[in-house]
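Quick caveat: nothing in here was measured; it's all calculated off a predicted structure. Just follow the structure's listing: the first ligand is 1, and inside any ligand the first atom is 1.
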Amino acid sequence: MGYIKEKFKVKADELSAEVKDLIKNHGNKKLDDVTIAQAYQGMRGIPGLVTETSLLDANEGIRFRGYSIPELRDNLPKAPGGAEPLPEGLFYLMLIGELPTEADVQYLSGMWARRSHVPNYVFDAIEALPITAHPMTMFTVGIMALQTESDFAKAYAEGINKKDYWSHMYEDTMNLIARLPRIAAYVYRRKYKEGKHIQPNGMLDWSANFAHMLGYDDEGFKELMRLYMTIHSDHEGGNVSAHTTHLVGSALSDAYLSFAAGMNGLAGPLHGLANQEVIRWILSMREELGGGIPTKSQIEQYVRKTLSDGKVVPGYGHAVLRKTDPRFTAQMEFAKKHLPDDELVRIVWMVYETVPPILQDLGKVKNPWPNVDAHSGALLVHYGLVEYEFYTVLFGVSRALGVLASLCWDRALGLSLERPKSVTTEWMKLFAEGKVEASAE
Ligand code: CMX
(Lines give C-alpha, C1' and ligand atoms only; values in the text may rest on other atoms or scores of the structure.)
Protein backbone atom coordinates (compact mmCIF):
# COMPACT_ATOMS: atom_id res chain seq x y z
CA MET A 1 0.00 0.00 0.00
CA GLY A 2 1.44 3.43 -0.93
CA TYR A 3 1.96 5.97 1.85
CA ILE A 4 -0.87 8.28 0.68
CA LYS A 5 -3.27 5.33 0.80
CA GLU A 6 -2.06 4.44 4.32
CA LYS A 7 -2.48 8.05 5.42
CA PHE A 8 -6.00 8.14 3.95
CA LYS A 9 -6.89 4.97 5.89
CA VAL A 10 -5.74 6.53 9.17
CA LYS A 11 -7.75 9.72 8.51
CA ALA A 12 -10.77 7.70 7.40
CA ASP A 13 -10.74 5.50 10.52
CA GLU A 14 -10.58 8.60 12.73
CA LEU A 15 -13.45 10.35 10.96
CA SER A 16 -15.58 7.17 10.77
CA ALA A 17 -15.41 6.89 14.56
CA GLU A 18 -16.39 10.56 14.92
CA VAL A 19 -19.32 10.17 12.51
CA LYS A 20 -20.58 7.10 14.41
CA ASP A 21 -20.52 9.12 17.64
CA LEU A 22 -22.21 12.08 15.97
CA ILE A 23 -25.06 9.91 14.70
CA LYS A 24 -25.35 8.05 18.04
CA ASN A 25 -25.42 11.19 20.19
CA HIS A 26 -27.07 13.76 17.91
CA GLY A 27 -28.69 11.73 15.14
CA ASN A 28 -32.18 13.06 15.92
CA LYS A 29 -31.22 16.73 15.89
CA LYS A 30 -33.06 18.61 13.10
CA LEU A 31 -30.95 20.26 10.41
CA ASP A 32 -33.77 22.21 8.75
CA ASP A 33 -37.43 22.32 7.74
CA VAL A 34 -38.30 21.69 4.09
CA THR A 35 -40.88 23.82 2.28
CA ILE A 36 -43.18 22.91 -0.61
CA ALA A 37 -41.32 25.49 -2.75
CA GLN A 38 -37.98 23.78 -2.06
CA ALA A 39 -39.39 20.42 -3.18
CA TYR A 40 -40.52 21.90 -6.52
CA GLN A 41 -37.61 24.27 -7.05
CA GLY A 42 -34.53 22.09 -7.09
CA MET A 43 -34.20 21.46 -3.33
CA ARG A 44 -32.18 24.68 -2.86
CA GLY A 45 -30.66 25.10 0.55
CA ILE A 46 -31.74 21.76 2.04
CA PRO A 47 -28.75 20.38 3.97
CA GLY A 48 -29.20 16.72 3.06
CA LEU A 49 -25.75 15.69 1.86
CA VAL A 50 -22.32 15.28 3.41
CA THR A 51 -19.23 16.09 1.30
CA GLU A 52 -15.84 16.40 2.99
CA THR A 53 -13.74 17.90 0.20
CA SER A 54 -15.09 21.46 -0.03
CA LEU A 55 -17.73 23.85 1.32
CA LEU A 56 -19.43 26.71 -0.56
CA ASP A 57 -20.27 30.02 1.08
CA ALA A 58 -22.85 32.05 -0.86
CA ASN A 59 -20.95 35.31 -0.47
CA GLU A 60 -17.34 34.24 -0.19
CA GLY A 61 -17.24 31.33 -2.64
CA ILE A 62 -15.66 27.92 -2.43
CA ARG A 63 -13.23 26.74 0.25
CA PHE A 64 -11.37 23.48 -0.20
CA ARG A 65 -10.80 21.97 3.23
CA GLY A 66 -10.94 25.51 4.61
CA TYR A 67 -8.69 27.14 1.98
CA SER A 68 -10.00 29.79 -0.42
CA ILE A 69 -8.80 29.94 -4.04
CA PRO A 70 -6.36 32.85 -3.38
CA GLU A 71 -4.95 30.86 -0.44
CA LEU A 72 -4.54 27.78 -2.62
CA ARG A 73 -2.73 29.83 -5.25
CA ASP A 74 -0.33 30.97 -2.52
CA ASN A 75 0.09 27.74 -0.59
CA LEU A 76 -0.04 24.77 -2.96
CA PRO A 77 3.20 23.52 -4.57
CA LYS A 78 3.97 24.86 -8.06
CA ALA A 79 5.79 23.45 -11.06
CA PRO A 80 9.44 24.58 -11.34
CA GLY A 81 9.31 28.18 -12.60
CA GLY A 82 5.51 28.21 -12.45
CA ALA A 83 3.18 30.41 -10.43
CA GLU A 84 -0.08 28.43 -10.53
CA PRO A 85 -0.89 25.56 -8.14
CA LEU A 86 -0.42 21.98 -9.25
CA PRO A 87 -3.84 20.24 -9.12
CA GLU A 88 -2.09 17.14 -7.75
CA GLY A 89 -1.66 19.20 -4.56
CA LEU A 90 -5.32 20.16 -4.44
CA PHE A 91 -6.31 16.50 -4.88
CA TYR A 92 -4.06 15.59 -1.93
CA LEU A 93 -5.64 18.35 0.15
CA MET A 94 -9.19 17.20 -0.69
CA LEU A 95 -8.38 13.54 -0.03
CA ILE A 96 -6.23 13.81 3.09
CA GLY A 97 -7.40 17.13 4.52
CA GLU A 98 -3.88 18.60 4.88
CA LEU A 99 -1.73 20.79 2.65
CA PRO A 100 0.70 18.61 0.68
CA THR A 101 4.47 18.86 0.57
CA GLU A 102 6.41 19.08 -2.70
CA ALA A 103 7.19 15.37 -2.26
CA ASP A 104 3.48 14.46 -1.94
CA VAL A 105 2.75 16.27 -5.19
CA GLN A 106 5.64 14.61 -7.01
CA TYR A 107 4.48 11.23 -5.72
CA LEU A 108 1.02 11.81 -7.20
CA SER A 109 2.40 13.12 -10.52
CA GLY A 110 4.59 10.01 -10.79
CA MET A 111 1.80 7.64 -9.78
CA TRP A 112 -0.65 9.09 -12.28
CA ALA A 113 1.97 8.98 -15.04
CA ARG A 114 2.63 5.29 -14.29
CA ARG A 115 -1.07 4.42 -14.26
CA SER A 116 -2.03 6.37 -17.38
CA HIS A 117 -2.13 3.50 -19.92
CA VAL A 118 -5.47 3.37 -21.76
CA PRO A 119 -6.33 0.09 -23.55
CA ASN A 120 -6.93 0.35 -27.32
CA TYR A 121 -10.54 -0.82 -27.12
CA VAL A 122 -11.37 2.44 -25.33
CA PHE A 123 -10.15 4.37 -28.36
CA ASP A 124 -12.02 1.95 -30.63
CA ALA A 125 -15.25 2.69 -28.73
CA ILE A 126 -14.71 6.42 -29.31
CA GLU A 127 -13.89 5.78 -32.98
CA ALA A 128 -17.20 3.95 -33.38
CA LEU A 129 -19.05 7.24 -32.81
CA PRO A 130 -19.63 9.60 -35.74
CA ILE A 131 -17.17 12.50 -35.90
CA THR A 132 -20.15 14.81 -35.40
CA ALA A 133 -20.82 13.42 -31.90
CA HIS A 134 -20.36 16.00 -29.17
CA PRO A 135 -16.98 15.75 -27.39
CA MET A 136 -18.78 15.13 -24.06
CA THR A 137 -20.53 12.12 -25.61
CA MET A 138 -17.20 10.76 -26.84
CA PHE A 139 -15.63 11.44 -23.42
CA THR A 140 -18.36 9.59 -21.53
CA VAL A 141 -18.29 6.67 -23.97
CA GLY A 142 -14.51 6.45 -23.39
CA ILE A 143 -15.00 6.39 -19.61
CA MET A 144 -17.69 3.72 -19.91
CA ALA A 145 -15.47 1.57 -22.14
CA LEU A 146 -12.75 1.82 -19.49
CA GLN A 147 -15.14 0.51 -16.83
CA THR A 148 -13.93 -3.01 -17.69
CA GLU A 149 -10.81 -2.01 -15.73
CA SER A 150 -12.65 -1.37 -12.47
CA ASP A 151 -10.86 -2.88 -9.52
CA PHE A 152 -13.94 -2.34 -7.31
CA ALA A 153 -16.29 -4.13 -9.73
CA LYS A 154 -13.91 -7.13 -9.98
CA ALA A 155 -13.42 -7.31 -6.22
CA TYR A 156 -17.16 -7.02 -5.58
CA ALA A 157 -17.91 -9.81 -8.05
CA GLU A 158 -15.38 -12.01 -6.27
CA GLY A 159 -16.90 -11.14 -2.89
CA ILE A 160 -15.30 -8.62 -0.53
CA ASN A 161 -15.86 -7.43 3.00
CA LYS A 162 -17.60 -4.02 3.06
CA LYS A 163 -14.75 -2.74 5.25
CA ASP A 164 -12.52 -2.99 2.18
CA TYR A 165 -14.73 -1.10 -0.29
CA TRP A 166 -12.73 2.10 0.22
CA SER A 167 -9.47 0.41 -0.83
CA HIS A 168 -10.84 -0.62 -4.23
CA MET A 169 -12.51 2.75 -4.71
CA TYR A 170 -9.15 4.37 -4.01
CA GLU A 171 -7.45 2.24 -6.70
CA ASP A 172 -10.19 3.04 -9.23
CA THR A 173 -9.93 6.74 -8.37
CA MET A 174 -6.18 6.86 -8.94
CA ASN A 175 -6.40 4.86 -12.19
CA LEU A 176 -9.27 6.90 -13.58
CA ILE A 177 -7.69 10.30 -12.80
CA ALA A 178 -4.45 9.05 -14.38
CA ARG A 179 -6.23 8.01 -17.58
CA LEU A 180 -8.77 10.80 -18.12
CA PRO A 181 -6.37 13.29 -19.76
CA ARG A 182 -5.41 10.62 -22.31
CA ILE A 183 -9.07 9.93 -23.17
CA ALA A 184 -9.92 13.65 -23.31
CA ALA A 185 -6.89 14.42 -25.51
CA TYR A 186 -7.82 11.52 -27.80
CA VAL A 187 -11.31 12.98 -28.23
CA TYR A 188 -9.84 16.39 -29.06
CA ARG A 189 -7.25 15.16 -31.56
CA ARG A 190 -9.74 12.80 -33.18
CA LYS A 191 -12.44 15.42 -33.64
CA TYR A 192 -10.37 18.48 -34.45
CA LYS A 193 -6.82 17.43 -35.49
CA GLU A 194 -7.47 14.74 -38.10
CA GLY A 195 -6.79 11.94 -35.63
CA LYS A 196 -3.11 12.91 -35.29
CA HIS A 197 -2.58 11.73 -31.73
CA ILE A 198 0.25 12.73 -29.43
CA GLN A 199 1.88 10.25 -27.05
CA PRO A 200 2.03 11.18 -23.34
CA ASN A 201 5.22 12.53 -21.80
CA GLY A 202 5.62 10.81 -18.42
CA MET A 203 8.18 13.39 -17.27
CA LEU A 204 5.57 16.17 -17.14
CA ASP A 205 3.13 16.99 -14.35
CA TRP A 206 -0.50 15.87 -14.86
CA SER A 207 -1.76 19.18 -16.34
CA ALA A 208 1.32 19.87 -18.46
CA ASN A 209 1.14 16.36 -19.91
CA PHE A 210 -2.55 16.93 -20.68
CA ALA A 211 -1.68 20.21 -22.44
CA HIS A 212 1.07 18.38 -24.35
CA MET A 213 -1.27 15.57 -25.50
CA LEU A 214 -3.82 18.17 -26.63
CA GLY A 215 -1.04 19.66 -28.77
CA TYR A 216 -0.25 22.81 -26.74
CA ASP A 217 3.33 22.93 -25.49
CA ASP A 218 3.34 26.66 -24.77
CA GLU A 219 4.38 27.28 -21.11
CA GLY A 220 1.55 29.82 -20.74
CA PHE A 221 -1.03 27.22 -21.74
CA LYS A 222 0.46 24.69 -19.30
CA GLU A 223 0.14 27.26 -16.51
CA LEU A 224 -3.45 27.94 -17.58
CA MET A 225 -4.20 24.20 -17.45
CA ARG A 226 -2.78 23.97 -13.91
CA LEU A 227 -5.03 26.82 -12.79
CA TYR A 228 -8.01 25.52 -14.78
CA MET A 229 -7.68 21.96 -13.41
CA THR A 230 -7.43 23.37 -9.87
CA ILE A 231 -10.38 25.77 -9.86
CA HIS A 232 -12.91 23.54 -11.66
CA SER A 233 -12.29 20.49 -9.46
CA ASP A 234 -14.94 20.77 -6.78
CA HIS A 235 -17.85 22.96 -5.63
CA GLU A 236 -19.17 21.06 -2.61
CA GLY A 237 -21.62 18.17 -3.05
CA GLY A 238 -24.95 19.52 -4.27
CA ASN A 239 -24.07 20.61 -7.83
CA VAL A 240 -25.33 18.28 -10.56
CA SER A 241 -22.03 16.58 -11.44
CA ALA A 242 -20.93 16.02 -7.82
CA HIS A 243 -24.36 15.01 -6.60
CA THR A 244 -24.90 12.60 -9.51
CA THR A 245 -21.51 10.95 -8.98
CA HIS A 246 -22.29 10.56 -5.28
CA LEU A 247 -25.86 9.33 -5.89
CA VAL A 248 -24.84 6.68 -8.43
CA GLY A 249 -21.88 5.70 -6.22
CA SER A 250 -24.27 5.18 -3.31
CA ALA A 251 -25.64 2.12 -5.16
CA LEU A 252 -22.06 0.77 -4.94
CA SER A 253 -21.63 1.46 -8.64
CA ASP A 254 -17.88 1.72 -9.24
CA ALA A 255 -15.96 4.94 -9.90
CA TYR A 256 -16.23 4.60 -13.70
CA LEU A 257 -20.03 4.18 -13.68
CA SER A 258 -20.50 6.92 -11.11
CA PHE A 259 -18.19 9.44 -12.74
CA ALA A 260 -19.62 8.83 -16.24
CA ALA A 261 -23.09 9.56 -14.80
CA GLY A 262 -21.76 12.78 -13.27
CA MET A 263 -20.29 13.77 -16.64
CA ASN A 264 -23.69 13.39 -18.29
CA GLY A 265 -24.95 15.98 -15.81
CA LEU A 266 -21.99 18.26 -16.44
CA ALA A 267 -22.90 18.15 -20.15
CA GLY A 268 -26.10 20.13 -19.49
CA PRO A 269 -26.18 23.83 -20.52
CA LEU A 270 -27.23 25.05 -17.08
CA HIS A 271 -24.12 23.35 -15.62
CA GLY A 272 -20.76 22.67 -17.31
CA LEU A 273 -21.86 23.13 -20.92
CA ALA A 274 -22.32 26.82 -20.05
CA ASN A 275 -18.58 27.31 -20.73
CA GLN A 276 -19.05 26.56 -24.46
CA GLU A 277 -22.29 28.58 -24.50
CA VAL A 278 -20.50 31.68 -23.15
CA ILE A 279 -17.94 31.80 -25.92
CA ARG A 280 -20.54 30.92 -28.54
CA TRP A 281 -22.70 33.78 -27.26
CA ILE A 282 -19.79 36.28 -27.31
CA LEU A 283 -18.66 35.21 -30.79
CA SER A 284 -22.19 35.52 -32.20
CA MET A 285 -22.53 38.94 -30.60
CA ARG A 286 -19.25 40.05 -32.16
CA GLU A 287 -20.20 38.64 -35.54
CA GLU A 288 -23.65 40.26 -35.45
CA LEU A 289 -22.06 43.60 -34.63
CA GLY A 290 -19.55 43.33 -37.45
CA GLY A 291 -16.41 42.27 -35.52
CA GLY A 292 -13.99 44.13 -33.26
CA ILE A 293 -14.73 45.29 -29.75
CA PRO A 294 -18.39 46.24 -29.25
CA THR A 295 -19.41 49.29 -27.23
CA LYS A 296 -21.05 48.87 -23.83
CA SER A 297 -24.37 50.01 -25.22
CA GLN A 298 -24.15 47.42 -28.01
CA ILE A 299 -23.45 44.72 -25.42
CA GLU A 300 -26.39 45.97 -23.37
CA GLN A 301 -28.68 45.69 -26.39
CA TYR A 302 -27.44 42.17 -27.14
CA VAL A 303 -28.05 41.09 -23.53
CA ARG A 304 -31.58 42.49 -23.65
CA LYS A 305 -32.21 40.68 -26.95
CA THR A 306 -30.98 37.40 -25.42
CA LEU A 307 -33.41 37.85 -22.54
CA SER A 308 -36.34 38.85 -24.71
CA ASP A 309 -35.71 35.74 -26.86
CA GLY A 310 -36.40 33.74 -23.68
CA LYS A 311 -32.77 32.63 -23.21
CA VAL A 312 -30.43 32.85 -20.23
CA VAL A 313 -27.21 34.89 -20.34
CA PRO A 314 -24.65 32.09 -20.12
CA GLY A 315 -21.95 32.38 -17.46
CA TYR A 316 -24.10 34.50 -15.16
CA GLY A 317 -26.09 33.43 -12.11
CA HIS A 318 -25.66 30.59 -9.67
CA ALA A 319 -27.84 28.32 -7.57
CA VAL A 320 -25.84 29.04 -4.39
CA LEU A 321 -23.35 31.90 -4.96
CA ARG A 322 -24.55 35.48 -4.45
CA LYS A 323 -21.34 37.33 -5.44
CA THR A 324 -18.79 37.25 -8.26
CA ASP A 325 -17.40 33.71 -8.34
CA PRO A 326 -13.80 33.68 -7.02
CA ARG A 327 -13.07 31.19 -9.82
CA PHE A 328 -14.00 33.97 -12.27
CA THR A 329 -11.73 36.39 -10.37
CA ALA A 330 -8.80 33.93 -10.42
CA GLN A 331 -9.09 33.67 -14.22
CA MET A 332 -9.39 37.45 -14.51
CA GLU A 333 -6.16 37.83 -12.53
CA PHE A 334 -4.46 35.27 -14.77
CA ALA A 335 -5.60 37.25 -17.82
CA LYS A 336 -4.44 40.58 -16.35
CA LYS A 337 -1.00 39.06 -15.82
CA HIS A 338 -0.58 37.10 -19.05
CA LEU A 339 -2.91 38.53 -21.71
CA PRO A 340 -4.27 41.93 -20.67
CA ASP A 341 -4.64 43.19 -24.24
CA ASP A 342 -6.46 40.17 -25.67
CA GLU A 343 -9.57 41.36 -27.52
CA LEU A 344 -11.88 38.58 -26.38
CA VAL A 345 -10.73 38.97 -22.77
CA ARG A 346 -11.52 42.67 -22.94
CA ILE A 347 -15.01 41.83 -24.21
CA VAL A 348 -15.46 39.40 -21.28
CA TRP A 349 -14.55 42.21 -18.91
CA MET A 350 -16.98 44.62 -20.62
CA VAL A 351 -19.72 42.00 -20.39
CA TYR A 352 -18.89 41.76 -16.65
CA GLU A 353 -19.53 45.51 -16.31
CA THR A 354 -22.75 45.34 -18.34
CA VAL A 355 -24.69 42.20 -17.43
CA PRO A 356 -25.13 42.34 -13.60
CA PRO A 357 -27.23 45.55 -13.44
CA ILE A 358 -29.48 44.27 -16.26
CA LEU A 359 -30.08 40.93 -14.55
CA GLN A 360 -30.56 42.72 -11.23
CA ASP A 361 -33.28 44.91 -12.79
CA LEU A 362 -35.24 41.81 -13.83
CA GLY A 363 -36.02 41.41 -10.14
CA LYS A 364 -36.10 37.61 -10.22
CA VAL A 365 -32.46 36.61 -10.78
CA LYS A 366 -31.02 35.77 -7.35
CA ASN A 367 -27.40 36.17 -8.43
CA PRO A 368 -26.57 38.59 -11.27
CA TRP A 369 -22.81 37.98 -11.00
CA PRO A 370 -20.53 35.88 -13.24
CA ASN A 371 -19.74 32.25 -12.49
CA VAL A 372 -16.66 30.20 -13.42
CA ASP A 373 -17.81 29.68 -17.01
CA ALA A 374 -17.98 33.39 -17.88
CA HIS A 375 -14.21 33.70 -18.30
CA SER A 376 -12.64 30.36 -19.18
CA GLY A 377 -13.34 30.30 -22.93
CA ALA A 378 -11.59 33.60 -23.69
CA LEU A 379 -8.39 32.29 -22.08
CA LEU A 380 -8.49 29.07 -24.09
CA VAL A 381 -9.13 30.90 -27.38
CA HIS A 382 -6.09 33.11 -26.69
CA TYR A 383 -3.79 30.06 -26.67
CA GLY A 384 -5.40 28.64 -29.82
CA LEU A 385 -7.88 26.17 -28.33
CA VAL A 386 -10.79 27.63 -30.25
CA GLU A 387 -12.96 24.51 -30.55
CA TYR A 388 -15.41 25.54 -27.86
CA GLU A 389 -17.53 22.38 -27.95
CA PHE A 390 -14.54 20.74 -26.27
CA TYR A 391 -14.49 23.06 -23.26
CA THR A 392 -16.82 21.02 -21.06
CA VAL A 393 -14.47 18.03 -21.42
CA LEU A 394 -11.71 20.13 -19.81
CA PHE A 395 -14.13 20.96 -16.99
CA GLY A 396 -14.90 17.23 -16.67
CA VAL A 397 -11.27 16.15 -16.35
CA SER A 398 -10.84 18.67 -13.55
CA ARG A 399 -14.12 17.76 -11.84
CA ALA A 400 -12.84 14.18 -11.47
CA LEU A 401 -10.42 15.33 -8.78
CA GLY A 402 -13.13 16.48 -6.39
CA VAL A 403 -15.89 13.99 -7.04
CA LEU A 404 -13.58 10.96 -7.00
CA ALA A 405 -11.86 12.09 -3.78
CA SER A 406 -15.40 12.36 -2.40
CA LEU A 407 -16.29 8.85 -3.58
CA CYS A 408 -13.29 7.51 -1.63
CA TRP A 409 -14.70 9.25 1.46
CA ASP A 410 -18.21 7.93 0.75
CA ARG A 411 -16.94 4.35 0.84
CA ALA A 412 -14.55 4.95 3.75
CA LEU A 413 -17.37 6.40 5.86
CA GLY A 414 -19.78 3.68 4.72
CA LEU A 415 -22.36 6.25 3.58
CA SER A 416 -25.75 4.72 2.80
CA LEU A 417 -27.66 4.20 -0.41
CA GLU A 418 -29.20 7.59 -1.23
CA ARG A 419 -32.97 7.38 -1.33
CA PRO A 420 -34.88 10.57 -0.44
CA LYS A 421 -38.66 10.53 -0.16
CA SER A 422 -40.76 11.78 -3.07
CA VAL A 423 -44.45 12.71 -3.02
CA THR A 424 -47.07 13.52 -5.66
CA THR A 425 -48.70 16.91 -6.32
CA GLU A 426 -51.92 15.31 -5.09
CA TRP A 427 -50.16 14.61 -1.79
CA MET A 428 -48.75 18.18 -1.72
CA LYS A 429 -52.25 19.61 -2.12
CA LEU A 430 -53.59 17.46 0.74
CA PHE A 431 -50.58 18.48 2.84
CA ALA A 432 -51.19 22.18 2.08
CA GLU A 433 -54.80 21.73 3.30
CA GLY A 434 -53.59 20.03 6.47
CA LYS A 435 -55.17 16.69 5.48
CA VAL A 436 -51.96 14.61 5.61
CA GLU A 437 -48.93 14.82 7.89
CA ALA A 438 -45.40 14.94 6.44
CA SER A 439 -44.21 12.41 9.00
CA ALA A 440 -47.04 9.99 8.11
CA GLU A 441 -45.53 9.34 4.67
N1 CMX B 1 -29.87 34.84 -17.46
C2 CMX B 1 -31.22 35.01 -17.52
N3 CMX B 1 -32.05 34.58 -16.56
C4 CMX B 1 -31.52 34.03 -15.47
C5 CMX B 1 -30.11 33.87 -15.31
C6 CMX B 1 -29.29 34.29 -16.38
N7 CMX B 1 -27.98 34.14 -16.35
N8 CMX B 1 -29.87 33.28 -14.12
C9 CMX B 1 -31.07 33.06 -13.54
N10 CMX B 1 -32.06 33.51 -14.36
C11 CMX B 1 -33.50 33.40 -14.17
C12 CMX B 1 -33.87 31.92 -14.07
O13 CMX B 1 -33.96 31.31 -15.36
C14 CMX B 1 -35.20 32.00 -13.33
O15 CMX B 1 -36.19 32.41 -14.26
P16 CMX B 1 -37.68 31.80 -14.21
O17 CMX B 1 -38.20 32.14 -12.84
O18 CMX B 1 -38.37 32.51 -15.32
O19 CMX B 1 -37.56 30.33 -14.42
C20 CMX B 1 -34.95 33.15 -12.35
O21 CMX B 1 -33.89 33.94 -12.92
C22 CMX B 1 -34.56 32.71 -10.96
O23 CMX B 1 -33.44 31.86 -11.07
P24 CMX B 1 -32.34 31.80 -9.88
O25 CMX B 1 -33.04 31.31 -8.67
O26 CMX B 1 -31.62 33.09 -9.80
O27 CMX B 1 -31.32 30.75 -10.44
P28 CMX B 1 -31.38 29.15 -10.33
O29 CMX B 1 -30.80 28.75 -9.03
O30 CMX B 1 -32.74 28.62 -10.66
O31 CMX B 1 -30.42 28.71 -11.55
C32 CMX B 1 -28.48 28.82 -12.90
C33 CMX B 1 -29.02 28.87 -11.47
C34 CMX B 1 -26.97 28.75 -12.85
C35 CMX B 1 -29.02 27.55 -13.59
C36 CMX B 1 -28.96 30.09 -13.65
O37 CMX B 1 -28.42 31.24 -13.03
C38 CMX B 1 -28.60 30.09 -15.12
O39 CMX B 1 -29.36 29.53 -15.92
N40 CMX B 1 -27.43 30.69 -15.51
C41 CMX B 1 -26.96 30.65 -16.88
C42 CMX B 1 -26.32 29.29 -17.18
C43 CMX B 1 -24.99 29.16 -16.48
O44 CMX B 1 -24.14 30.04 -16.53
N45 CMX B 1 -24.78 27.99 -15.85
C46 CMX B 1 -23.47 27.66 -15.24
C47 CMX B 1 -23.51 27.62 -13.73
C48 CMX B 1 -22.15 27.24 -13.17
C49 CMX B 1 -21.79 25.81 -13.51
O50 CMX B 1 -22.48 24.91 -13.04
O51 CMX B 1 -20.86 25.58 -14.28
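A salt bridge does not link K222 to D205: none of the charged side-chain nitrogens sits closer than 4.0 Å to a carboxylate oxygen. A salt bridge links E223 with R226: the closest approach of a Lys/Arg side-chain nitrogen to an acidic carboxylate oxygen falls below 4.0 angstrom.
Using a distance-only test at 3.5 Å, with no hydrogens or angles considered, no donor-acceptor pair links the side chain of D254 to the main chain of S150.
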Kindly list each side-chain donor-acceptor pair under 3.5 angstrom involving residues 265-272, sequence neighbours excluded, with atom names and distances?
from, atom 1, to, atom 2, distance (Å)
H271, NE2, S241, N, 3.2
H271, NE2, S241, OG, 2.9

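In this structure F139 satisfies the ring-ring contact (aromatic ring centres under 6.0 Å, His included) test with no other residue, sequence neighbours excluded.
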Under 3.5 Å, N/O to N/O: give me all the pairs between ligand 1 and the protein, one per line with atom names and distance.
from, atom 1, to, atom 2, distance (Å)
ligand 1, 1 (N), V313, N, 2.9
ligand 1, 7 (N), V313, O, 2.9
ligand 1, 7 (N), Y316, O, 2.7
ligand 1, 15 (O), K364, NZ, 3.4
ligand 1, 18 (O), K364, NZ, 2.8
ligand 1, 25 (O), K366, NZ, 2.8
ligand 1, 26 (O), K366, N, 2.8
ligand 1, 29 (O), R44, NE, 3.1
ligand 1, 29 (O), R44, NH2, 2.9
ligand 1, 30 (O), R44, NH2, 3.2
ligand 1, 40 (N), Y316, O, 2.8
ligand 1, 44 (O), G315, N, 2.8
ligand 1, 44 (O), N371, ND2, 3.0
ligand 1, 45 (N), L270, O, 2.9
ligand 1, 50 (O), H271, ND1, 2.6
ligand 1, 51 (O), H271, O, 3.4
ligand 1, 51 (O), D373, OD2, 2.6

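For residues 349-372, the set of pairs meeting the side-chain hydrogen bond (donor to acceptor under 3.5 Å, both in side chains) definition, not counting sequence neighbours, comprises K296-E353, T324-Y352, W349-H375.
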